[in-house]
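So that the names make sense, note that chain A is the first sequence line, chain B the second, and so on, each numbered from 1.
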Amino acid sequence: MKNYDHKKIEKKWQAEWDKKKIYQAKDGKGKKFYSLIEFPYPSGDGLHVGHIRSNTAMDIISRKRRMEGYNVLYPIGWDAFGLPTENYALKTGKKPALVTKKNTDTFRRQLKEIGFSFDWSREVNTTDPGYYKWTQWIFLQFLKKGLAYKSKTTINWCPKDKIGLANEEVVDGKCERCGTPTEKREKEQWMLGITKYAERLDKDIDLVNYPERVKASQKNWIGKSEGSEIEFGIKNLKDKIKVFTTRADTLFGVTYVVLAPEHELIQRLKSQITNWEEVEKYIEKVKKESELERNAEGKEKTGIELKGIKAVNPANNEEIQIYIADYVLVGYGTGAVMAVPAHDERDFEFAKKYKLPIRQVVMPYNFDTNNPPRLGKDNTKREVVHIILRNQKDKTVLIEFLKGEKWGDLSPKNFIIGGIENGESEIETAIREIREETGYTNIKFVEKIPLEVQAEFYAAHKDVNRVAHVHTLVFDLLSEEKVEIEEDEYFTKDSHEIKWVPFADVEKTVNIPDDKMIWKYFYEGGLAVLDYGILINSGKFNWQGSKEAIKEITKFVGGKMVTKFKLRDWIFSRQRYWGEPIPVVNCPKCGFVPVKEKDLPVKLPQVKSYKPTDTGESPLAGISKWVNVKCPKCGGKAKRETDTMPNWAGSSWYYLRYTDPKNKKEFASKKNLKYWLGSDPRHGGVNWYNGGMEHTTLHLLYSRFWHKFLYDLKLVPTVEPYLKRTSHGMILGEGGVKMSKSLGNVINPDSIVKTYGADTLRIYEMFMGPFEDAVVWSTESIIGSRRFVEKVWRVGMSVAEQNKNSPAFALGDKRTGDRHGSLNFSPAPLEKLLHKTIKKVSEDIEAMRFNTAISAMMIMASEMEKNKSVEKEDYKKFLQILAPFAPHCTEELWHNLGEKSSINLSKWPKWDERLLIDSELKIILQVNSKVRAEIFVPSDEKEEDIKKRALANESVLKFTEGKEIKKIIYVKNKLVNIVV
RNA sequence: GCCCGGAUGGCGGAAUUGGUAUACGCGCACGACUUAAAAUCGUGUCUCGCAAGGGAUGUGGGUUCGACUCCCACUCCGGGCACCA
């Protein structure tokens, strides 16, 4: 018996696979499968255990697909441009290109030692001029189509990295990389027009198979919103203020208008504004605030009125104030909003602070689900008052508790309610109702709550369906003085009880929706009602449904329906050295001129210093030899663009290059693209792409954008790059925290491979927990995976021993015949378990349930070891399903049994459905849902007989004797439950 | 604040068209082998109870013969978005 020596075996087979090139994909041959992982950034820290988790998962899937007869492309490359390398180079004086070379060498060695089945012949590197030539070429196509343009923008500037950041790279107002709070700077930057694709990026999400949370994230980031653009006039002036709103139904409730401090109109109206000095000061203040300060949590909104000018509400010609405020963003919509404090939380907050009027125009519509209108009853409508009768002395409110079967399941608990009779005022009604229902007479009117509500319910006391238009009045109780309450047929002392309830308990005591809302409004001093409802105070639109009125009101004031997106154009310039140079020349005569395609790539020059400058210019600007060129158009003196691309550029199209990595004429040939992505535009793409959640909004969105652009140029055959996306969970350090150098909890895969072997590491990482969840690393637990591998090894050794003297086919052949008819042999329990395991593992791999697949194989391995005689063919099938997880040891054991070709190219075993059926079934016997016994019955036993057996069972009888059997429930093949 | 996910033994986790809760693994305890240790193998390992039995899947309710699974309310944890009108 050979000992399991992982070092020897793994090295041997890695060399063999390399030599025979068994994992190389063949362009255009047979049915294909393109599986992809995010290519790593080769940092100086070496491979992270997190890389291994993602890579192993896709490796397992790729290996299974190969065994299923697919021509698999599982490529690898390096996303090597970027800041850490440049910063390291800066610190050590080493060349970034050399640092990259060293790091990729390390990564390559590590990846090979774990036995991933990458097609190494297609390795790409974004920093290779042969690669970035095409990144630059694609940029020129953007330029040609007007989608790349230079624009002066306020950028997020990181003072430490000295670099402009895209919005997506600013997290909580801080630089994503170094955590320094960002500043705002004005700078000319290259932009990519991703917003032109916003609609399609949003819509086409439906074509692909991404996890829901990823889809939701992308949609949220794109931020599509449909609304209206409406113009507000300015009194005595020709200028208009255009606002964007999704709630045109609330137009009659506008009580002021707000402009962003950066709004261009403000400067134009300077002469009309009477408090200009103040206004200017305010604008300066806002500008100086960093992104962090302006967005700080809980920050109070600030603003200032533009005095001397008034806006005119086009709906009712009302003159209203104009404000500028920091809560309105210049970059979204029109940079101006109509403020409806009654129905928008932000406007409400601002209006409260600056004491601006609040006018309700949408009346909430409460349909009482506890007491809904009933069919066949009369429908009535009433004007109604609800009365909050307050006792200021002990801070209580009077609440009515109604009782009786009339009210259905839930007895109403509400404020005093009364219908307004003809000719009565609301106050008169209230006084009358209080006297009639409570007897109190010494009361004082306090206020009317400026919130009207409409309610629809079944009014049990009158036996009608009712729509009530609710007005709410507040009264104070002055003394306990009372008169006798008169009873009538529906209002009796029994049906009705009153209680004084403390303020704090009112909300949870009242149980009709209107009173809950009214109380909240009263108690909190008002609130913004966001729901759609019924319009009031809205001229001719009164009593319409507010949602339905949006289009009409927009039309009424001459506005138009528009779609807006949160997504902004992509800031594409970086003022750094280690990135793709933007291939443009700036000519004093001709402006920005693209470098001729034949002159690509524009290579990075060799420089001494990579230091970025405080002026914000790239280090490239200092290299006059490189910067000064002839204009490609006029031949005159010109200067190269010195900005470089962000490192999202190279990763936006790398999956395309894999299909044809050495092509010198195109970024990839149409033929190869068509083969690997498929030719159906709406149903093609990379078959399966696994990556981290952290790339959901940046990389994934950017590459979808580039892909769609290339599709429009008819350069790629599909509208989407990736058909299916999955995400692995993070691996956390021991203690459940992120692995980081500073915490010293980073696991070095090299040492794990050395001690336990690559197969063990792969199995461990897949066994740790559900693939999509975060898991905590535990070096202590790895031993379990190692024991499993060793167990498989021991079984393999004994199977080989048993078969030493018998020809290879002798044992295996006996069941190759009749596959479809009845079984002509009685299968051993072990064989049945094998087929169950094959099925489980096959299905679990597809669903990425690697942990349960491994668990099933562990059970199988233990059973094989217990069972002294294991059929060789059974064992070999077991090896085959294990091979994607542990390719090295299974290959060794496979060959040890006389096989000559690789297990990794063998045919994936099929399970035999007939072997999954048990001849005997275990039936659980329950009495009153408690398990009392289990019995075994033949699988074809009739329901009646099983029930009979159950009733006769001794343990069951103990609990049923002398009791009446009410019911017997039988669940097929599972249990019998006897209810007594 | 909003959106998404989650809560099951000492630990990682398994079980959902509702049907034996705790598979598999780690750890721990005991035993076998050994002069001994390691490794390996075996047995045990939610909890109360001598037992018969009872209780337990974050908390409280509900539906059901039966709930980790479905419904309602809540607590806590993780992730994402965050003045987007």
My understanding is that only residues two or more places apart in sequence, or in another chain, count here; which of them pass side chain to side chain contact (heavy atoms under 4.5 Å, CB included) with A/A351? A/Y256, A/P341, A/L356, A/I358
By side chain to side chain donor-acceptor pair (under 3.5 Å), which residues pair with A/K922, not counting sequence neighbours? none
In B/S/- notation, 5' to 3', how is nucleotides 2-15 of chain B contacted by protein heavy atoms closer than 4.0 Å? --S-------BSS-
Taking N or O atoms only and anything under 3.5 Å, show me the protein contacts with nucleotides 53-60 of chain B, one pair per line.
{"unit_1": "B/G53", "atom_1": "OP1", "unit_2": "A/K958", "atom_2": "NZ", "d": "3.3"}
{"unit_1": "B/G54", "atom_1": "OP1", "unit_2": "A/R932", "atom_2": "NH2", "d": "3.2"}
{"unit_1": "B/G54", "atom_1": "OP2", "unit_2": "A/R932", "atom_2": "NH1", "d": "3.1"}

Which residues pass the side chain to side chain contact (heavy atoms under 4.5 Å, CB included) test with A/D344, sequence neighbours left out? A/R346, A/D347
Residues in ring-ring contact (aromatic ring centres under 6.0 Å, His included) contact with A/Y532, at least two apart in sequence or another chain: none
Of all residues at least two apart in sequence or in a different chain, which pass the side chain to side chain donor-acceptor pair (under 3.5 Å) check with A/S778? A/S781
Is B/G18 syn or is it anti, if syn means the base angle is within 90 degrees of 0? anti
Listed pairs under 3.5 Å, donor-acceptor, residues 970-978 of chain A side chains, sequence neighbours left out:
{"unit_1": "A/Y970", "atom_1": "OH", "unit_2": "A/N973", "atom_2": "N", "d": "3.4"}
{"unit_1": "A/N977", "atom_1": "OD1", "unit_2": "A/S929", "atom_2": "N", "d": "2.9"}
{"unit_1": "A/N977", "atom_1": "ND2", "unit_2": "A/S929", "atom_2": "OG", "d": "3.2"}

Is the distance from the ring center of A/F350 to that of A/Y323 below 6.0 Å? yes
In chain order, what residues pass the side chain to side chain contact (heavy atoms under 4.5 Å, CB included) check against A/D531, with sequence neighbours excluded? A/M517
Between B/G80 (P) and A/M693 (CE): distance, integer Å: 9 Å
Test: salt bridge (charged side-chain N to carboxylate O under 4.0 Å, His left out). Region: residues 781-790 of chain A. Which pairs qualify, not counting sequence neighbours? A/R786-A/E790
Just to confirm, is there a sub-4.0 Å distance from OP1 or OP2 of B/A39 to any side-chain nitrogen or oxygen of A/R787? no
Rounded P spacing from B/G27 to B/A36 in Å: 23 Å
Quick one: is A/Y332 getting a side-chain N or O under 4.0 Å of the B/A85 phosphate, OP1 or OP2? yes
Give me the distances for all protein-to-nucleotides 16-20 of chain B N/O pairs that come in under 3.5 Å?
{"unit_1": "B/G19", "atom_1": "N2", "unit_2": "A/Q926", "atom_2": "OE1", "d": "3.4"}
{"unit_1": "B/G19", "atom_1": "N2", "unit_2": "A/N977", "atom_2": "ND2", "d": "3.3"}
{"unit_1": "B/U20", "atom_1": "N3", "unit_2": "A/K922", "atom_2": "NZ", "d": "3.3"}
{"unit_1": "B/U20", "atom_1": "O4", "unit_2": "A/K922", "atom_2": "NZ", "d": "2.4"}

Between the protein and nucleotides 67-76 of chain B, list the N/O to N/O atom pairs that are separated by less than 3.5 angstrom.
none

When you measure from the side-chain N and O atoms of A/K301 to the phosphate of B/C83, is any distance below 4.0 Å, counting only OP1 and OP2? no
